[in-house]
Amino acid sequence: MKNREVAAILARTADMLQIKGDNPYKIRAYRKAAESVYHLDEDIAILYEKGRLKNIPGIGDAVEAKIEEILKTGSCAYYDRLIREVPAGLLDMLAIPGLGHKSVKLIYDNLKTETLDELGEACKEGKIRNIPGLGVRTEENIIKGIEEIKQRGKKINLGIALPLARELLDYLQKSPLIETASVTGSVRRGKAQVSDIDLLLASNTPKAVHEYIKAFPAVSRTDYIEPDLVKGQLGREIAFEAIIVPPPDFYHSLVWTTGSKEHRKRIFAGFDRRDFEGSDSEAEVYYRLGMDFIAPELRENAGEIEAAIDGSLPKLVNAADIKGDLHVHSNWSDGSERIQDLAAAARSRGYQYIAITDHSRSLPISGGLTEERLQAQGKVIDALNNETDDFHILKGSEVDILKTGELDFSDPVLKDLDIVIASVHSHFKLEPRQQTERIIEAAKNENVDIIGHLTGRLLSRRSGYEIAVEEIIEVCARCNTALEINSHPDRLDIDENIARTAKEHGVKVAINSDAHHKKELDFINYGVITARRGWLEAKDILNALNRDELR
DNA sequence: GCCGTTTTCGGCCCGACTGTTTTCAGTCG
């Protein structure tokens with residue numbers, strides 16, 4: 001049982017209690033406990049064995065007992081009882097934007113609709129508008145929300161898929177039955193969302209490999225087996241495929257299965273599988289194809305084949321090129337760690353600098369800083385910087401772009417900071433023209449260095465706001481304002497396409513973690529993958545600069 | 001249900017928008 005799964009049970013407990021209309025503070029307690037468990041640095045099972053669960057903030061006697069039960073049995077009686085009281089479909093309804101726990105309960109009490117489909121039907125029959133407190137707009141909103149959910153399908157964010165794929169890969173690589181193994185498919189190409197996890201294995205004993213795969217603890221089901229293929233499920237909802245090939249075919253198959261389909265179709269046209277037998281690397285496969293090695297992230301038939309033939313592929317940015325993180329939240333706003341602890345974590349990653357960029361005052365839920373507190377924070381940072389020469393904490397802010405395009409701090413205050421990220425956190429539904437102007441206004445401010453999460457998309461939850469991206473990029477190019485690749489796996493915003501456009505216009509890109517916990521500094525890897533998919537090189541990246549160059 | 005450098009009981013981040021109302025509850029960030 002992983003931290004993530006324990007956290008999910010606690011979070012669903014909170015959801016069900018909320019639908020039932022239980023004590024709001026109890027609900028918040030469960031949410032907080034779920035958050036804490038999710039962000040633990042250590043394995044919760046190990047903490048439990050050491051008897052240290054109660055050291056976790058937000059976990060007291062009651063939740064401790066439940067976690068103990070969950071670790072031992074996979075669930076707990078309290079949770080099971082709630083499941084019987086609250087139909088699972090009601091939790092799905094919470095994914096509809098604008099529909100919260102109260103409305104879900106209200107609709108259920110009146111109509112007894114238990115699933116998304118039933119709810120959709122009720123809307124179409126005009127039954128929602130008859131419920132006191134709800135109206136036609138709510139009805140329309142629900143229909144739209146359900147459509148969006150259906151359209152998204154069952155895609156998984158890379159942030160979930162990649163760690164799982166690596167875990168399974170680790171396990172497979174330990175087996176003497178398997179000569180070589182790799183993650184492959186869309187996960188290997190680093191797509192922000194994938195539909196399944198694919199692995200490629202080289203082995204002469206596929207049958208024994210089947211048994212070995214089935215024995216992996218996270219494999220919950222194997223439902224399709226052929227001599228060279230195992231299809232199944234990891235955990236409760238993630239599909240995987242393990243493709244088994246004879247060792248001499250491995251690298252050809254790796255190129256083949258990594259895809260994309262369009263890339264594969266074009267490069268292998270006119271070739272035969274036998275042309276690649278015995279290749280000892282992917283580079284050799286590409287060599288036999290008459291072109292340079294193409295990094296997996298580029299294999300989308302977006303010009304990479306031509307570039308590989310004429311030797312003009314970009315030298316893609318690597319994680320090792322990143323010299324610091326320019327977007328991190330401390331416990332001065334909604335982060336959970338002290339500035340010095342974040343700095344220590346960044347330093348141990350080999351960074352030269354970190355920027356503390358807490359929220360500004362207009363975002364009260366996040367504990368946004370007033371100008372006075374921002375100045376006080378600056379003094380704390382000065383003092384920390386005085387203690388060391390080989391690492392630097394930059395004074396920054398993630399300042400809110402207000403509805404008008406004005407910023408949440410005055411220019412003199414911003415001018416004093418080392419780095420300013422301007423981001424939209426409110427009024428997502430402005431007219432496209434107004435929304436575009438609003439961001440352009442911020443990008444033009446000479447104190448703004450970076451525009452944060454440009455489109456505001458949240459993968460699987462919310463599309464970005466409607467803006468004229470290219471127009472904003474042109475302004476950024478003129479005003480020397482950078483764009484952010486927000487590396488949070490729920491955002492990956494800007495995406496690879498916008499990143500590539502930015503590069504073409506000469507706009508620098510900052511790859512930022514937006515960490516709220518020191519552990520989340522690791523998110524940067526997803527940002528690097530996205531940058532690579534956008535053809536970016538180290539010279540395009542703001543925080544690939546050394547500390548002195550950056551300043 | 002958690003927590004405590006005045007508390008083992010009585011507190012527990014907040015402000016704005018939306019859609020429903022006709023003064024406000026629900027949702028969001």
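Hydrogens, waters and symmetry mates are skipped; everything else that's a heavy atom, side chains included, is used. All figures in this text were calculated on a predicted structure; none of them were measured in a lab. Just so we're on the same page: letters track the sequence lines, and every chain starts at 1.
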### Query
Taking atom P of B:dT27 as reference, at what distance in whole Å does atom CG of A:Leu94 sit?
9 Å

### Query
If the C1' atom of B:dC17 is compared with that of B:dC12, how far apart are they to the nearest Å?
25 Å

### Gap in Å between the two P atoms, one belonging to B:dG11 and one to B:dT7, rounded
15 Å

### Query
Ion pair present between A:Arg349 and A:Asp522, side-chain N to carboxylate O less than 4.0 angstrom?
yes

### Query
Under 3.5 Å, is there a donor-acceptor pair linking the side chains of A:His425 and A:His427?
no

Pick out the pairs of N or O atoms, protein on one side and nucleotides 23-26 of chain B on the other, that lie under 3.5 Å.
| from | atom 1 | to | atom 2 | distance (Å) |
| --- | --- | --- | --- | --- |
| B:dG26 | OP2 | A:Lys102 | NZ | 3.4 |
| B:dG26 | O3' | A:Ser103 | OG | 3.2 |

### Task
Using Watson-Crick or G-U wobble geometry with both distances below 3.5 Å, tell me the partner of B:dT8, or none.
none

### Query
What nucleotide among B:dG1, B:dG19, B:dG29 has an atom nearest to a side-chain atom of A:Thr138?
B:dG19

## Note on the structure
By nearest-nucleotide position on DNA chain B, the 5'-leaning member of A:Ile131 and A:Ile96 is A:Ile131

### Message
Any base atoms under 4.0 Å from A:Ile27, or only sugar-phosphate, or nothing? Heavy atoms, all strands.
### Response
nothing

### Task
Indicate, with a heavy-atom threshold strictly under 4.0 Å, whether A:Arg462 touches base, sugar-phosphate, or nothing.
sugar-phosphate

### Query
Got a salt bridge between A:Asp400 and A:Arg361, using NZ or NE/NH1/NH2 to carboxylate O under 4.0 Å?
no

#### Entry: Whole-Å P distance, B:dT20 and B:dA16
22 Å

### Message
Show, in sequence, the C-alpha distance, side-chain angles and deciding distance for A:His453 and A:His488, and conclude whether the ring-ring contact (aromatic ring centres under 6.0 Å, His included) test is met.
### Response
CA-CA 10 Å; A:His453 46 70; A:His488 194 296; over 10 Å; no

### Query
Within the structure shown, what part of the strands sits under 4.0 Å from A:Val104 by heavy-atom distance: base, sugar-phosphate, or nothing?
nothing

### Task
Specify the separation, in whole Å, of atom CG of A:Leu82 and atom C1' of B:dG1.
14 Å

## Note on the structure
Residue set satisfying side chain to side chain donor-acceptor pair (under 3.5 Å) with A:Asn331, at least two apart, ordered chain then number -> none

### Message
If I pick the P atom on B:dC9 and the same atom on B:dG15, what distance separates them, to the nearest angstrom?
### Response
31 Å

### Task
Scan side-chain atoms only and decide if A:His101 and A:Asp15 contain a donor-acceptor pair under the 3.5 Å cut-off.
yes

### Task
Determine the interatomic distance between P on B:dT5 and the same-named atom on B:dC13; round to the nearest Å.
15 Å

### CG/A:Asn23: more than 12 non-hydrogen atoms of other groups inside 6.0 Å
yes

What's touching nucleotides 12-18 of chain B from the protein side, N or O pairs under 3.5 Å?
| from | atom 1 | to | atom 2 | distance (Å) |
| --- | --- | --- | --- | --- |
| B:dC13 | O5' | A:Arg28 | NH1 | 3.4 |

### Query
Expressed as a whole number of Å, how far does the P atom of B:dC2 sit from that of B:dT6?
23 Å

### Message
For a quick test of reading the model: is some side-chain N or O of A:Arg31 closer than 4.0 Å to OP1 or OP2 of B:dG1?
### Response
no

